[in-house]
Amino acid sequence: MTDRKVRVRFAPSPTGPLHIGGVRTALYNFLFARHYGGDFILRIEDTDQARYVEGAEEYIMEALEWSGIKVDEGVREGGPHAPYRQSERKEIYRQYAMDLLDKGDAYYAFDAPEELEKLREDCEARGETFNYGCATRGKMLNSLTLSDKEVKQRTASGQQYVVRYRMPDNEDIYFTDIIRGDIVVNTSTLDDKVLFKSDGMPTYHLANIVDDHLMEISHVIRGEEWLPSLPLHVMLYRSFGWSAPLFAHLPLLLKPTGKGKLSKRDGDKMGFPVFPLYWPYGETATGYREEGYFPEAFVNMLALLGWNPGTEKEIFTMEELIEAFSIDRVGKSGSRFDPEKARWFNTRYFQMKSDEALAALFMPVVNEKGYNPSVEALVKAVSLVRERAGFVSDLWKETDFFFIAPEAYDQEVVKKRWNEDSPRIISELRTVVSGIEPLYSDNCERIVKEWISERGLSTGTVLNLFRLLIVGASRGPHLFDIVEWIGRDETLRRLDNGVKHLSQQP
């Protein structure tokens, strides 16, 4: 891949919650670094202070930590290339902006924003697109059209300016993307991007290149939305005389149906999260963590959205992903997000956990409901219903009847099963159950079924009535397992309450 030590970075802007597309970018960088024994760096690109959102930086770090993506160098971790927050590196960028000006590869531009907006509007009215580049810069207010004396006067007087890159005229730029292959772009189609502003802040383009060089980044793995910026970045490396890293632009995550990129609106509309964690600021949004997804299931699902291992294997631990991951198996085309597949992954991970592990996760839910079963009892309850669940949150609706006696009874079952003979049958059943010792599931089942046979009753009729009074409906695991779990006193109490309630019905 390269003779250099692998060093990759994830460089988000703290402008809001981290989309799962961003988490996937971080994940692929992390897997790539670990696969080659390299380093994963987290750099916060906060040069656009106008879009900075309080809490976003902490959210990003917490989201990566929850996902199991371990940062080697970053704002929290420190490292030999600190600081890792771009707003703390301003003087570094000024130096390199001046270097480009001295070389003639950049120039000062003094055009007022409203003047540029007017030019854009005029071009749009003619069905054209305004491009501040080789065809127009000679007519604009910049250091290419002004005298050196006037440029110095303007900068010294504090007039606002920007530094623009001077894109060569009519030159083919050749570069290679690991995922997309060889690409060629003619500079005549490119504009002169702003690199630095008079307020001392760089734009993404300059800060990104300078930081990647100084932090010795070997591979830039980022979303395909940055592909149009690649020609400029390649030219900046050339202007500075630096070796460029290798580039890989990841495909988009697509919405479940229709066309376009996966967005929060899709999640809101279809009822699934698009962020790893709950976003509590401004317009709140649900997260995979709060929806009950296991981080390992979330990561497994995300890894396979754009990358495939070349086999039918779908379940991977993080260690297995690191071992199997290769950037050349990332596809070029967008990957459609499937919320049902995400749930499938979580169900698989749920079912792989032990009864004890699930009970430990479920215990706080039960405690919050006001119940305090023993660990052993809850492990048993979980073992009886786990096959019906895919999330810890599913367990309550599968086990509520262990803790709460029925207060109402499924009327469909009542209509089908309850008749004038039912109170007498339940009364006899009550007597049988009260005498069973010990009241273990298999012992209780054997004795009750023997009584049914001796009385010449219908097994289905009696057991369905029994379940109706114990659970309140035709649901739940093996009936006699429930009876053993709730115990003799509670079983008899539920039989009595059920007869009383249903006998009063018209």
Side-chain angles (χ1 to χ4, degrees), residues 1-2 5-12 18-42 60-74 77 178-179 217-224 246 248-254 262 273-277 287-289 293-339 341-353 357 390:
M1 186 68 72
T2 177
K5 179 181 180 182
V6 169
R7 285 177 57 81
V8 297
R9 49 70 169 179
F10 177 54
L18 185 62
H19 189 279
I20 62 170
V23 182
R24 187 192 63 170
T25 298
L27 175 63
Y28 283 8
N29 274 279
F30 173 78
L31 296 176
F32 184 81
R34 289 292 183 271
H35 183 85
Y36 289 101
D39 299 323
F40 173 68
I41 294 98
L42 175 64
I60 290 165
M61 291 186 279
E62 188 180 350
L64 295 184
E65 186 176 348
W66 177 75
S67 301
I69 300 172
K70 187 178 184 305
V71 176
D72 297 308
E73 298 174 28
E77 297 75 15
I178 297 172
I179 296 172
I217 300 302
S218 63
H219 297 75
V220 172
I221 304 171
R222 60 189 179 186
E224 72 170 35
L246 299 178
H249 288 82
L250 306 175
L252 293 174
L253 289 186
L254 305 176
L262 179 67
V274 297
F275 303 124
L277 315 180
Y288 278 86
R289 180 177 65 182
Y293 283 80
F294 298 121
E296 56 268 38
F298 171 73
V299 163
N300 194 157
M301 174 270 294
L302 211 51
L304 294 174
L305 284 176
W307 170 81
N308 77 83
T311 67
E312 296 300 311
K313 182 178 171 68
E314 289 189 284
I315 301 300
F316 290 84
T317 64
M318 184 71 89
E319 291 71 26
E320 289 171 334
L321 285 172
I322 290 168
E323 177 68 26
F325 188 78
S326 59
I327 202 73
D328 58 356
R329 294 205 67 86
V330 174
K332 296 178 184 179
S333 57
S335 297
R336 192 170 295 282
F337 177 76
D338 181 353
K341 189 68 172 180
R343 293 186 64 84
W344 177 87
F345 272 105
N346 203 75
T347 299
R348 289 293 303 273
Y349 275 86
F350 180 97
Q351 295 300 340
M352 287 191 290
K353 291 189 180 294

Q. Under 30°, 30 to 60°, or over 60°: which ring-plane class applies to Phe325 and Tyr28, parallel, tilted or perpendicular?
A. tilted
Q: Could you label the plane-to-plane angle of the Phe10 and Phe40 rings as parallel, tilted or perpendicular, counting under 30° as parallel and over 60° as perpendicular?
A: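 Because their plane-to-plane angle is under 30°, the rings of Phe10 and Phe40 count as parallel.
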Side-chain heavy-atom pair [X], [Y] within 4.5 angstrom cut-off:
X	Y	answer
Ile315	Tyr349	yes
Ser218	Leu246	no
His19	Val274	yes
Glu314	Asn300	no
Arg343	Met301	no
Phe275	Ile20	no
Ser335	Phe337	no

Q | Sole residue of Leu27, Leu321, Leu31 in side chain to side chain contact (heavy atoms under 4.5 Å, CB included) with Trp307 | A | Leu321
Counting distance only, does the side-chain N/O of [X] pair as donor-acceptor with the main-chain N or O of [Y] below 3.5 Å?
X	Y	result
Arg24	Leu305	yes
His35	Ile322	yes
Asn29	Ile221	yes

Tell me the closest heavy-atom pair linking [X] and [Y], and the distance in Å.
X	Y	result
Pro309	Leu304	CD-CD2, 3.9 Å
Asp328	Ser326	OD1-OG, 2.9 Å
Ala63	Pro276	CB-CG, 3.6 Å
Pro251	Val330	CD-CG1, 3.7 Å

Q. Does the ring pair (Phe, Tyr, Trp, His ring centres under 6.0 Å) test come out yes or no for Trp66 and Phe298, once each step is laid out?
A. CA-CA 10 Å; Trp66 177 75; Phe298 171 73; 5.4 Å; yes
What is the distance from atom [atom1] of [X] to atom [atom2] of [Y], rounded to the nearest 0.5 Å?
X	Y	atom1	atom2	answer
Leu42	Ile60	CG	CD1	7.0 Å
Arg289	Ser67	CZ	OG	9.5 Å
Glu224	Ile179	CD	CD1	9.5 Å

Q. Do Val8 and Ile41 pass the side-chain contact (heavy atoms from CB on, under 4.5 Å) test, and can you show the C-alpha distance, the side-chain angles, and the key distance before you say yes or no?
A. CA-CA 6 Å; Val8 297; Ile41 294 98; over 6 Å; no
Q.
On the six-membered ring of Phe350, is Lys353 placed so that its NZ or CZ lies under 6.0 angstrom from the centre and within 45° of the ring axis?
A.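 Lys353 over Phe350 ring: no.
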Q: Verify side-chain contact (heavy atoms from CB on, under 4.5 Å) between Ile178 and His219, making sure each step is shown before the conclusion.
A: CA-CA 10 Å; Ile178 297 172; His219 297 75; 4.1 Å; yes
Does [X] come within less than 4.0 Å of [Y], counting only side-chain N to carboxylate O?
X	Y	answer
Arg348	Glu296	no
Lys70	Glu77	no
Glu320	Lys313	yes

Q | salt bridge (charged side-chain N to carboxylate O under 4.0 Å, His left out) contacts touching residues 28-42 (sequence neighbours left out) | A |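 Pairs touching residues 28-42 that pass the test: Lys5-Asp39, Arg7-Asp39, Arg34-Asp72.
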Q.
Check this for me: Glu65, atom CD, are more than 12 non-hydrogen atoms of other residues, nucleotides or ligands nearer than 6.0 Å?
A. no
